[in-house]
Amino acid sequence: MILVVPALLVLSALCLAFGLVLPLVRFEKLYFFNETPSLIDIVVSLWGQGSAGLAALVGLFSIVFPVVKLFGIALEATAPAAPEGKASVLARLLPVLGKWSMMDVMLVALVIVAAKTSGMASAFTQPGLWFYAASAIMTGLLQMKLRPH
């Protein structure tokens with residue numbers, strides 16, 4: 001049971017890495033044109049198309065935020081316990097971050113639904129989305145394990 005936290009930390013980091021670089025969704029247009037962008041490809045494409053604000057928002061909430069949260073959880077898991085009654089900055093910050101843990105997965109799901117309902121393309125989930133979602137779920141489990149209240 002003592003290996004649960006380290007195993008979840010490693011698996012969550014691996015799943016996040018795979019979720020960022022593997023294709024999230026496959027768009028099929030007119031049966032011969034296929035696109036399979038990864039999350040990083042989507043952010044780079046938004047930036048290149050002149051949507052810097054949207055690219056920054058998606059990059060912040062879908063790439064930077066999960067990496068920082070995972071790093072914070074790793075620090076909390078390995079740091080010595082704070083004295084009773086005195087919470088560290090990290091201990092106060094992680095519960096706030098936990099409330100937003102599935103927002104990034106929901107953002108990607110909304111893109112898929114929008115593509116399907118527009119009729120312009122068929123959208124199919126790819127392994128990157130599943131790895132990304134698995135990372136978010138494992139990170140949530142880690143937070144519950146480290147802070148059961």
Exercise. Can you list the residues that meet the side chain to side chain donor-acceptor pair (under 3.5 Å) rule with S51, with sequence neighbours excluded?
Worked result: none
Exercise. Hey, what do you get for CE (M138) to CG (L70), rounding to the nearest 0.5 Å?
Worked result: 9.5 Å
For this session: Grab the two heavy atoms, one from S62 and one from P66, that are nearest each other, plus how far apart they are.
Result: O-CG, 3.5 Å
Exercise. Under the side chain to side chain donor-acceptor pair (under 3.5 Å) test, which residues partner W47, sequence neighbours left out?
Worked result: none
For this session: Go through the steps to decide whether F65 and L60 satisfy the test side chain to side chain contact (heavy atoms under 4.5 Å, CB included), and finish with yes or no.
Result: CA-CA 6 Å; F65 179 75; L60 181 68; 5.6 Å; no
For this session: Give the C-alpha distance, both sets of side-chain angles, the deciding distance and a yes or no for side chain to side chain contact (heavy atoms under 4.5 Å, CB included) between Q143 and K69.
Result: CA-CA 10 Å; Q143 282 188 300; K69 186 169 111 180; 4.2 Å; yes
For this session: Could you grab the distance from atom CG of L142 to atom CD1 of I137, nearest 0.5 Å is fine?
Result: 12.5 Å
Seminar exercise, completed: Residues at least two apart in sequence or cross-chain that pass side-chain contact (heavy atoms from CB on, under 4.5 Å) with P37, listed by chain then number, are V25, F27, E35, D41, I42
Seminar exercise, completed: To the nearest 0.5 Å, atom CG of L24 lies from atom CG of L39 at 5.0 Å
Without placing hydrogens or testing angles, list every side-chain donor-acceptor pair under 3.5 Å for residues 4-14, not counting sequence neighbours.
{"residue": "S12", "atom": "OG", "partner": "S135", "partner atom": "O", "Å": "3.3"}
{"residue": "S12", "atom": "OG", "partner": "S135", "partner atom": "OG", "Å": "3.4"}
{"residue": "S12", "atom": "OG", "partner": "T139", "partner atom": "OG1", "Å": "2.9"}

Exercise. Are V21 and W130 connected, step by step, through hydrophobic side chains (Ile, Leu, Val, Met, Phe, Trp, Tyr) whose heavy atoms are closer than 4.5 Å?
Worked result: no
Problem set entry | Same apolar cluster (I L V M F W Y, side chains within < 4.5 Å links), L46/I63 | yes
For this session: Run through the side-chain heavy atoms of Ile, Leu, Val, Met, Phe, Trp and Tyr, join any pair under 4.5 Å, and report what else lands in L22's cluster.
Result: F18, F131
